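Everything below concerns the one structure shown next.
Just so we're clear, the structure is a prediction, and the values are computed from it rather than from any experiment. If you read the sequence from its start, that first residue is 1, and numbering goes on from there.
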Amino acid sequence: MRTTARSWRRALHRIVSLADKAGDPVDFYPPRWSEEEMTRHFAFIEASRGFRIPPSYKEFLSEFDGCHQLFRGAALFSVAQLLDPTHANAADDAIEDLNTPIPSFVTPVQPHWRRDGLICIGLDAAGDVVFVLDPASVRDDGEMDVVAWFSGLGVRLPSFMHLLDFIGDLMDTRDDVCAHGGQELSAIIAA
């Protein structure tokens with residue numbers, strides 16, 4: 001787990017550096033609760049949603065409690081937003097609006113447009129960029145897949161750390177990638 005923790009920090013540091021270089025800094029929410037209160041909030045989120053928060057994502061929330069403007073206007077939710085039922089259901093609406101199947105490693109027998117139990121951890125105001133945890137993919141180390149949609153193109157990544165790495169790669173692909181439209185961004189992701 002220590003390697004995963006160091007890795008997500010390294011990936012986040014890369015995003016912050018690239019965003020600063022592009023003149024579009026990433027803003028973090030400061031932690032607003034004590035460690036004891038955070039532990040209670042995490043327990044409530046896990047009990048109410050029926051899943052365990054992945055260790056790397058839990059560490060991120062303990063240190064930063066969310067992030068504003070992570071990528072193309074998309075934010076990572078704070079603990080308060082995860083506790084808010086409005087944000088808890090945001091994934092269903094955003095995924096339905098994207099009208100795209102959930103990416104998987106194998107071709108499904110029946111394509112399904114939504115899967116119950118996805119946990120939205122971030123999105124942009126328009127719902128074009130969406131990040132969700134997939135509790136159906138939890139591994140022995142507690143990490144789970146993150147599904148990310150960028151302008152309708154879905155990508156399944158093995159963990160929160162991999163999401164941050166992927167965003168860093170997108171930002172590093174071109175200096176002005178954040179200014180590109182959805183079609184150009186989809187071409188970069190597909191390449």
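When the ring-ring contact (aromatic ring centres under 6.0 Å, His included) test is applied to Tyr57, the partners found at least two apart in sequence or on another chain are Phe160. Applying the side chain to side chain contact (heavy atoms under 4.5 Å, CB included) test to Leu18 and every residue at least two apart in sequence or in another chain returns Arg14, Met171, Asp172. Annotation: side chain to side chain contact (heavy atoms under 4.5 Å, CB included) contacts of Pro135 (sequence neighbours excluded): Phe51, Ile119, Met144. Asp165 pairs by the side chain to side chain contact (heavy atoms under 4.5 Å, CB included) definition with Ala11, Met161, not counting sequence neighbours. Applying the ring-ring contact (aromatic ring centres under 6.0 Å, His included) criterion to His41, with sequence neighbours excluded, gives Trp33. Residues forming a salt bridge (charged side-chain N to carboxylate O under 4.0 Å, His left out) with Glu37 (at least two apart in sequence, or on another chain): none. Among residues two or more places apart in sequence or in another chain, the side chain to side chain contact (heavy atoms under 4.5 Å, CB included) test is passed with Asp27 by His68. Under the rule for a salt bridge (charged side-chain N to carboxylate O under 4.0 Å, His left out), the partners of Arg40 that lie at least two apart in sequence or sit in another chain are Glu36. Phe28 is linked by a ring-ring contact (aromatic ring centres under 6.0 Å, His included) to Phe64, counting only residues two or more places apart in sequence or in another chain. Residues forming a side-chain hydrogen bond (donor to acceptor under 3.5 Å, both in side chains) with Arg52 (at least two apart in sequence, or on another chain): none.
Between the side chain of Arg139 and the backbone N or O of Pro158, at least one donor-acceptor pair lies under 3.5 Å. No donor-acceptor pair under 3.5 Å is formed between the side chain of Glu59 and the backbone N or O of Ser56. The closest donor-acceptor contact from the side chain of Gln69 to the backbone of Pro25 lies at 3.5 Å or more, if one exists at all. Panel note: side chain Ser137, backbone Asp145; a donor-acceptor pair is recorded below 3.5 Å.
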Steps toward side-chain contact (heavy atoms from CB on, under 4.5 Å) verdict (Asp124, Phe71): CA-CA 9 Å; Asp124 69 348; Phe71 182 73; over 6 Å; no

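Nearest heavy atoms, Asp141 versus Pro55: O-CG, 3.5 Å. Contact detail for Pro31 and Ser62: the closest heavy-atom pair is CG-O, 3.9 Å. When every heavy atom of Cys67 is checked against every heavy atom of Val26, the shortest pair comes out as SG-CG1, 3.1 Å. Contact detail for Arg72 and Val129: the closest heavy-atom pair is CB-CG2, 4.4 Å. Leu157 and Leu163 make their closest contact through CD1-CA, 3.6 Å (heavy atoms, listed as atom of the first residue, atom of the second, distance). Between Ala74 and Phe131 the shortest heavy-atom distance is CB-CE1, 3.9 Å.
In this structure, CH2 on Trp8 lies 8.0 Å from CG on Leu164, to the nearest 0.5 angstrom. If you take CD1 on Ile15 and CD1 on Ile167, they are separated by 5.0 Å, rounding to the nearest 0.5 Å. Atom-to-atom distance recorded for Asp65:CG and Leu76:CG is 11.0 Å, nearest 0.5 angstrom.
Between Arg156 and Asp134 there is a salt bridge, since at least one side-chain N of the basic residue sits less than 4.0 Å from a carboxylate O of the acidic one.
Using a 4.5 Å cut-off on side-chain heavy atoms (C-beta onward), His162 and Glu143 make no contact.
Using a 30° and 60° split on the angle between ring planes, Phe150 and Phe166 fall in the tilted class, from 30° to 60°.
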